[in-house]
Participant: 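Below is the structure I would like to discuss, written out as structure tokens.
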Amino acid sequence: HETALLHIRRMVDLASKEGFGFFQLLGMFYLGLNQALQALANRRTQSDTQIKEGLSKMEQAVAIKRDSGSPLGMSSHLIQLAAVYGQIGQTQEGLQLLDEAQTLVKKNGSHYFEPELYRVKGELLQQGSPDLIQAEAAEKCFCQAIEIAQKQQARHCELRATFSLCQLWQQQGKATAAHELLSTIFGWFTEGFEMPDLREAQKLLAELKMGAEI
């Protein structure tokens, strides 16, 4: 975290000195994202002010890019902002951003971020008290994310989407199927187990194994 934050701040300083507007906006966005995520992770000890300040930076960067008409990196920013909206309960706002991102993907033909787009959409559809139709829609999104990630051979994106799907299956009492699916993709990784996504996957696998044995 601290190392990443240091590099982002250095990028912003250099971009400001050299007049590189794109990298200034990029830095502003990721400084805001970092601030918002850290505040969310420590919500018990930090006020919502930190979350709002982080969101404000992200929203400002997105608004400037939107006004400039520059598509570079826009879909990624919309997806990440939508995910943060989801964490603070602004589900509809997040879904609207994902619709905008999906339009950009279709317009520009840049499908690199599509797996994450569908994964985040599935997460948002699950929020609140989802009915059967919402749960089915969320599962469809996760499956789309997995399928696209597999075509792109993007293992990390596939892991994230599979994790989300298996969490849904866990809630539905499908621990055995979820454990089998997640263990398959987890088995592809031979390093990087200190990464948050892999740590979370390992933790979920243990829960699923326990649930399957009950």
Participant: Using distance only, find each side-chain donor-acceptor pair of residues 8-30 under 3.5 Å and give its atom names and separation, not counting sequence neighbours.
Facilitator:
{"unit_1": "S16", "atom_1": "OG", "unit_2": "V12", "atom_2": "O", "d": "2.8"}
{"unit_1": "S16", "atom_1": "OG", "unit_2": "Q24", "atom_2": "NE2", "d": "3.2"}
{"unit_1": "Y30", "atom_1": "OH", "unit_2": "Q80", "atom_2": "NE2", "d": "3.1"}

Participant: Specify the closest pair of heavy atoms between G122 and A138, including all atoms of both residues, with the distance to one decimal.
Facilitator: O-CB, 3.4 Å
Participant: To the closest 0.5 Å, what do you measure between CG (L104) and CZ (R66)?
Facilitator: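 Here the rounded value is 9.0 Å.
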Participant: Between the side chains of Q126 and Q134, does any donor sit under 3.5 Å from an acceptor?
Facilitator: no
Participant: Between Q38 (side chain only) and Q50 (backbone N and O only), is there a donor and an acceptor less than 3.5 Å apart?
Facilitator: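 No: the side chain of Q38 does not pair with the backbone of Q50.
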Participant: Show, in sequence, the C-alpha distance, side-chain angles and deciding distance for Q87 and L37, and conclude whether the side-chain contact (heavy atoms from CB on, under 4.5 Å) test is met.
Facilitator: CA-CA 9 Å; Q87 291 194 54; L37 291 180; 3.7 Å; yes
Participant: side-chain hydrogen bond (donor to acceptor under 3.5 Å, both in side chains) between E123 and Y118: does it pass, once the steps are laid out?
Facilitator: CA-CA 9 Å; E123 292 283 359; Y118 283 109; over 6 Å; no
Participant: List the atom pairs, donor and acceptor, that lie under 3.5 Å between side-chain atoms in residues 178-186 and the rest of the protein, sequence neighbours left out.
Facilitator:
{"unit_1": "S183", "atom_1": "OG", "unit_2": "H179", "atom_2": "O", "d": "2.8"}
{"unit_1": "S183", "atom_1": "OG", "unit_2": "E180", "atom_2": "O", "d": "3.0"}
{"unit_1": "T184", "atom_1": "OG1", "unit_2": "E180", "atom_2": "O", "d": "2.9"}

Participant: Between E59 and Y85, do the side chains contain a donor N or O and an acceptor N or O under 3.5 Å apart?
Facilitator: yes
Participant: With clusters defined by side-chain heavy atoms of hydrophobic residues (ILVMFWY) lying less than 4.5 Å apart, directly or transitively, does I146 cluster with V105?
Facilitator: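 No, V105 and I146 fall in different hydrophobic clusters.
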Participant: Working to the nearest 0.5 angstrom, can you tell me the gap between L81 CG and E93 CD?
Facilitator: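 L81 atom CG to E93 atom CD measures 10.0 Å (nearest 0.5 Å).
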Participant: Answer whether the closest heavy-atom distance between the side chains of Q170 and E207 falls below 4.5 Å.
Facilitator: yes
Participant: Do L168 and L124 share a hydrophobic cluster, counting only Ile, Leu, Val, Met, Phe, Trp and Tyr and linking them when any side-chain heavy atoms are less than 4.5 Å apart?
Facilitator: no
Participant: Can you give me the closest heavy-atom contact between C157 and P115, atom names plus distance?
Facilitator: CB-CB, 3.9 Å
Participant: Side chains of residues 198-206: which donor-acceptor partners sit under 3.5 Å, not counting sequence neighbours?
Facilitator:
{"unit_1": "R199", "atom_1": "NH1", "unit_2": "E194", "atom_2": "O", "d": "2.2"}

Participant: Which pair of heavy atoms, one from Q172 and one from A135, lies closest together, and at what distance?
Facilitator: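 For Q172 versus A135, the nearest heavy atoms are NE2-CB, 4.0 Å.
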Participant: To the nearest 0.5 Å, what is the distance between CD on Q127 and CD on Q92?
Facilitator: 10.0 Å
Participant: Could you go through T176 and L208, starting from their C-alpha distance and side-chain angles, then the distance that decides it, and tell me whether this counts as side-chain contact (heavy atoms from CB on, under 4.5 Å)?
Facilitator: CA-CA 7 Å; T176 302; L208 293 170; over 6 Å; no
Participant: Could you go through the side-chain contact (heavy atoms from CB on, under 4.5 Å) check for V120 and R160 one step at a time?
Facilitator: CA-CA 10 Å; V120 173; R160 288 172 65 84; over 6 Å; no
Participant: Nearest 0.5 Å please: distance from the CG atom of L78 over to the NZ atom of K65.
Facilitator: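 Result: 9.5 Å between the selected atoms.
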Participant: Under 4.5 Å between side-chain heavy atoms, hopping through other hydrophobics if needed: is there a path connecting F163 to W169?
Facilitator: no
Participant: Any side-chain heavy atom of H111 sitting closer than 4.5 Å to one from Q152?
Facilitator: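 They are in side-chain contact.
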Participant: Looking at every non-hydrogen atom in both residues, tell me the closest pair between G211 and A175 and how far apart they are.
Facilitator: C-CB, 3.9 Å
Participant: Please check if W188 and F193 belong to a single hydrophobic cluster, counting links between Ile, Leu, Val, Met, Phe, Trp and Tyr side chain heavy atoms closer than 4.5 Å.
Facilitator: yes
Participant: Is a side-chain N or O of S56 found less than 3.5 angstrom from the main chain of E53, in a donor-acceptor match?
Facilitator: no
Participant: Decide yes or no for E114 and Q144: does some side-chain heavy atom of the first lie under 4.5 Å from some side-chain heavy atom of the second?
Facilitator: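 No, too far: nothing below the 4.5 Å cut-off.
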Participant: Quick one: pull up CD1 in I79 and CD in E100 and give me the separation to the nearest 0.5 Å.
Facilitator: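 Atom-to-atom, I79:CD1 and E100:CD are 11.0 Å apart.
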Participant: Given the rule that I, L, V, M, F, W and Y join up when any side-chain heavy atoms are under 4.5 Å apart, are L55 and L40 in one cluster?
Facilitator: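 Looking at the clustering, L40 is in the same group as L55.
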Participant: Is there side-chain contact between F189 and L159, with at least one heavy-atom pair below 4.5 Å?
Facilitator: yes
Participant: Got M58 and L31 here, is their nearest side-chain heavy-atom distance under 4.5 Å?
Facilitator: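 No, every pair of side-chain atoms sits at 4.5 Å or beyond.
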Participant: For residues C141 and L125, determine if any side-chain heavy atom of one lies less than 4.5 Å from a side-chain heavy atom of the other.
Facilitator: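 Yes - at least one pair of side-chain heavy atoms lies under 4.5 Å apart.
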Participant: What's the spacing between F113 CZ and S76 OG if we round to 0.5 Å?
Facilitator: 4.0 Å
